[in-house]
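Reading through the structure tokens given below for one structure.
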There are 2 protein chains.
Amino acid sequence: MSPEHLKIPQATAKRLPLYYRFLKNLHSSGKQRVSSAELSEAVKVDSATIRRDFSYFGALGKKGYGYNVNYLLSFFRKTLDQDELTKVALIGVGNLGTAFLNYNFLKNNNTIIELAFDVDESKVGTRICDVPVYHMDELEEQLNQRDISVAILTVPSHVAQTITDYLVKSNVKGILNFTPARLTVPAAIRVHHIDLSIELQSLIYFLKHYPSSDIQAITD
Amino acid sequence: MSPEHLKIPQATAKRLPLYYRFLKNLHSSGKQRVSSAELSEAVKVDSATIRRDFSYFGALGKKGYGYNVNYLLSFFRKTLDQDELTKVALIGVGNLGTAFLNYNFLKNNNTIIELAFDVDESKVGTRICDVPVYHMDELEEQLNQRDISVAILTVPSHVAQTITDYLVKSNVKGILNFTPARLTVPAAIRVHHIDLSIELQSLIYFLKHYPSSDIQAITD
DNA sequence: ATGCTTATGTGAAGGATGAAACAAAGTCAT
DNA sequence: ATGACTTTGTTTCATCCTTCACATAAGCAT
């Protein structure tokens with residue numbers, strides 16, 4: 001059985017896009033080879049962890065040499081499905097939603113917000129950064145028609161669950177949830193929470209309760 | 001030694017603001033008591049994990065009864081320093097930065113963006129949602145004067161490291177980094193990364209490579 | 001060719017986290 | 001008061017993740 005078919009640890013999977021992004025940088029700057037130590041310095045991940053992560057995919061490097069940037073890059077391109085464009089929908093064109101529509105970082109990575117939804121009639125029918133805004137009533141129809149199964153949720157939290165139920169009904173498989181609501185979904189649906197207010201609060205908690213010496217022990 | 005002085009696991013610390021928020025909801029709806037099972041349903045954290053989390057702070061509940069909402073709430077208020085307002089600075093008034101200035105979720109939690117910085121002269125001197133925008137040149141002076149040690153970083157990634165160096169020089173201790181850059185900071189400085197593009201990419205990776213049955217095993 | 005240097009891939013150990021399970025201790029109805 | 005019921009706090013186990021440490025193998029200079 002080839003290594004690619006084994007299940008990758010979740011922690012590793014979360015680092016793959018990070019590696020990929022940095023490898024692209026290396027490539028554009030014309031670098032031919034890279035060691036796990038160099039990579040470690042750049043992405044702030046222990047070099048042993050990097051080698052371990054890579055090893056799940058087989059022996060990608062050469063002892064005494066390191067990794068060939070081109071080879072690694074093309075390998076990750078395949079692994080991360082960067083050849084095909086993944087289309088996602090954005091639900092809720094408020095401040096945060098609009099920021100994402102404007103933000104260019106989504107365009108880099110073969111991921112694109114293809115359409116957005118809102119209930120505000122003044123937004124419906126317009127285009128924001130070339131992304132068309134539809135009314136929520138058209139959610140199921142549009143998502144099915146365009147075969148979109150990933151949604152970014154940036155709606156007010158009190159409607160988050162209701163809209164999530166619509167999303168589930170519309171065959172969405174993954175939700176990037178920026179609302180503070182903890183969503184109830186069937187087990188087959190994957191939800192990633194990004195709770196901005198909790199991130200800020202927990203950062204503050206760590207600062208107040210964990211002395212610098214401890215942080216050294218953790219991050220160094 | 002009282003339990004409050006023991007070090008709390010990082011995973012637990014990250015859940016505390018979540019518990020706190022839900023307890024506030026319970027309180028406003030007039031509920032007097034709550035069990036770990038109820039809490040579990042609401043915040044989607046295993047009830048045993050919740051009891052374990054609470055137990056780091058001592059015996060907060062009563063067997064056969066559960067937890068007193070008021071007591072728990074006031075305990076967490078103290079623990080999370082919710083009595084004092086934590087002031088933070090926002091660096092970079094672009095799309096995302098503006099969204100945060102508009103977003104109300106920061107006002108809830110005794111955390112406030114007190115001022116913002118940018119280099120764009122058309123923004124400097126204005127107020128966005130009542131938050132004054134200063135020029136980057138005034139960073140050190142303003143932060144020291146106002147005794148601010150936490151910053152939200154929403155600048156273009158190519159200037160992220162340079163600005164981070166300024167922040168460190170200005171005695172900032174914690175940075176919430178929304179740029180894709182991996183920042184180099186002294187060990188005593190704490191950085192939390194929120195990398196939106198990586199979150200989206202890893203969500204997509206999980207959807208494509210982890211069958212629903214596995215997700216069931218993980219999240220159910 | 002030779003030997004020194006470099007850097008991988010991985011076994012093993014150590015930590016951290018999550019969840020099952022249950023004794024202990026309280027509640028609550030009668 | 002009593003006994004059935006509830007729910008905690010904790011012990012225990014399992015899993016996942018990270019890091020050390022090093023044998024192994026390849027580069028590289030002479």
Side-chain angles (χ1 to χ4, degrees), chain A residues 2-4 6-16 18-19 23 26 31-69 71-72 75 187 202 206 210 214-220, chain B residues 3-4 6-16 18-19 23 26 31-69 71-72 75 202 206 210 214-220:
Chain A
S2 78
E4 296 103 74
L6 293 170
K7 279 291 160 295
I8 306 300
Q10 303 223 358
T12 297
K14 282 203 172 176
R15 284 188 291 265
L16 296 183
L18 185 62
Y19 298 147
L23 287 169
L26 278 185
K31 214 153 185 305
Q32 296 291 318
R33 60 183 268 194
V34 66
S35 69
S36 60
E38 282 175 278
L39 234 69
S40 171
E41 169 61 23
V43 300
K44 313 291 180 198
V45 172
D46 187 275
S47 68
T49 301
I50 292 178
R51 292 197 299 280
R52 168 84 57 198
D53 284 346
F54 287 2
S55 78
Y56 289 115
F57 299 99
L60 300 178
K62 268 191 219 161
K63 303 191 181 199
Y65 176 88
Y67 301 89
N68 179 293
V69 172
Y71 178 74
L72 214 51
F75 181 85
S202 75
F206 281 121
Y210 289 65
D214 287 18
I215 297 175
Q216 272 180 330
I218 293 162
T219 62
D220 232 7
Chain B
E4 296 103 74
L6 294 170
K7 280 292 159 295
I8 307 300
Q10 303 223 359
T12 297
K14 283 203 172 177
R15 283 187 291 265
L16 296 183
L18 186 62
Y19 298 147
L23 286 169
L26 278 185
K31 215 151 183 307
Q32 296 291 319
R33 59 184 269 192
V34 66
S35 68
S36 60
E38 282 176 279
L39 234 71
S40 171
E41 169 60 23
V43 300
K44 313 289 179 198
V45 172
D46 186 275
S47 68
T49 300
I50 292 177
R51 292 196 299 279
R52 163 68 56 111
D53 284 346
F54 287 2
S55 78
Y56 289 115
F57 299 99
L60 301 178
K62 269 191 219 161
K63 303 190 181 200
Y65 176 88
Y67 300 90
N68 179 292
V69 172
Y71 178 73
L72 214 51
F75 181 84
S202 75
F206 281 121
Y210 289 65
D214 286 19
I215 296 176
Q216 272 180 330
I218 293 163
T219 61
D220 231 7

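Because only heavy atoms are used, hydrogens play no part in the values below, and waters and symmetry mates are left out as well, while side chains stay in. Letters A, B, ... are given to chains in the order of the sequence lines, protein chains preceding strands, and every chain is numbered from 1.
In this structure, B:Q32 atom CD and C:dC28 atom P are separated by 13 Å, rounded to whole Å. Look at CD1 on B:I50: it is 16 Å from C1' on D:dT10, rounded to the nearest Å. Between B:N68 atom CG and D:dT8 atom P there is a gap of 13 Å when expressed in whole angstrom units. Regarding B:R15, its CZ atom lies at a distance of 11 Å from the C1' atom of C:dA16, rounded to whole Å. The separation between B:F57 atom CZ and D:dT10 atom C1' is 17 Å, rounded to whole Å. If you measure from atom CG of A:D53 to atom P of C:dT10, you get 13 Å, rounded to the nearest angstrom. If you take CZ of A:F54 and P of C:dA7, they are 15 Å apart, rounded to a whole angstrom.
For the residue pair A:A13 and B:S202, the shortest heavy atom distance occurs at O-CB, 4.4 Å.
In this structure, B:T49 reaches the C:dA19 phosphate: one of its side-chain N or O atoms is under 4.0 Å from OP1 or OP2. Under 4.0 angstrom from either OP1 or OP2 of D:dT7 there lies no side-chain N or O belonging to B:S35. Checking the phosphate oxygens (OP1, OP2) of D:dG9, a side-chain nitrogen or oxygen of B:Y67 falls inside 4.0 Å.
Looking at heavy-atom distances under 4.0 Å, B:S47 makes no contact with the nucleic acid at all. Contacts of B:T12 with the nucleic acid, taken as non-hydrogen atoms under 4.0 Å apart, are absent.
The CG atom of B:L39 lies 7.5 Å from the CG atom of B:L72; values are rounded to the nearest 0.5 Å. A distance of 11.0 Å separates CD1 of B:I50 from OG1 of B:T12, quoted to the nearest 0.5 Å. In this structure, CG on A:L26 lies 12.5 Å from CZ on A:R33, to the nearest 0.5 angstrom. Atom-to-atom distance recorded for A:F206:CZ and B:K14:NZ is 6.0 Å, nearest 0.5 angstrom.
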For nucleotides 14-16 of chain D, tabulate all protein N/O to nucleotide N/O atom pairs closer than 3.5 Å, reporting atom names and distance.
none

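Looking only at side-chain heavy atoms (C-beta outward), B:R15 and B:T49 come within less than 4.5 Å of each other.
Remark: side-chain polar atoms of B:E41 are not paired, donor with acceptor, to backbone N or O of B:E38 under 3.5 angstrom.
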### Message
Set out, in order, the CA-CA distance, both residues' side-chain angles and the distance that settles side-chain contact (heavy atoms from CB on, under 4.5 Å) for A:Y19 and A:V45, then state yes or no.
### Response
CA-CA 10 Å; A:Y19 298 147; A:V45 172; 3.8 Å; yes
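Partners of A:Y67 under the ring-ring contact (aromatic ring centres under 6.0 Å, His included) rule, at least two apart in sequence or in another chain, are A:F54.
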### Query
With the sugar-phosphate defined as primed atoms, P, OP1 and OP2, and the base as all remaining atoms, what B/S/- string results for nucleotides 20-30 of chain D, 5' to 3', for protein heavy atoms under 4.0 Å?
SB--BBBSS--
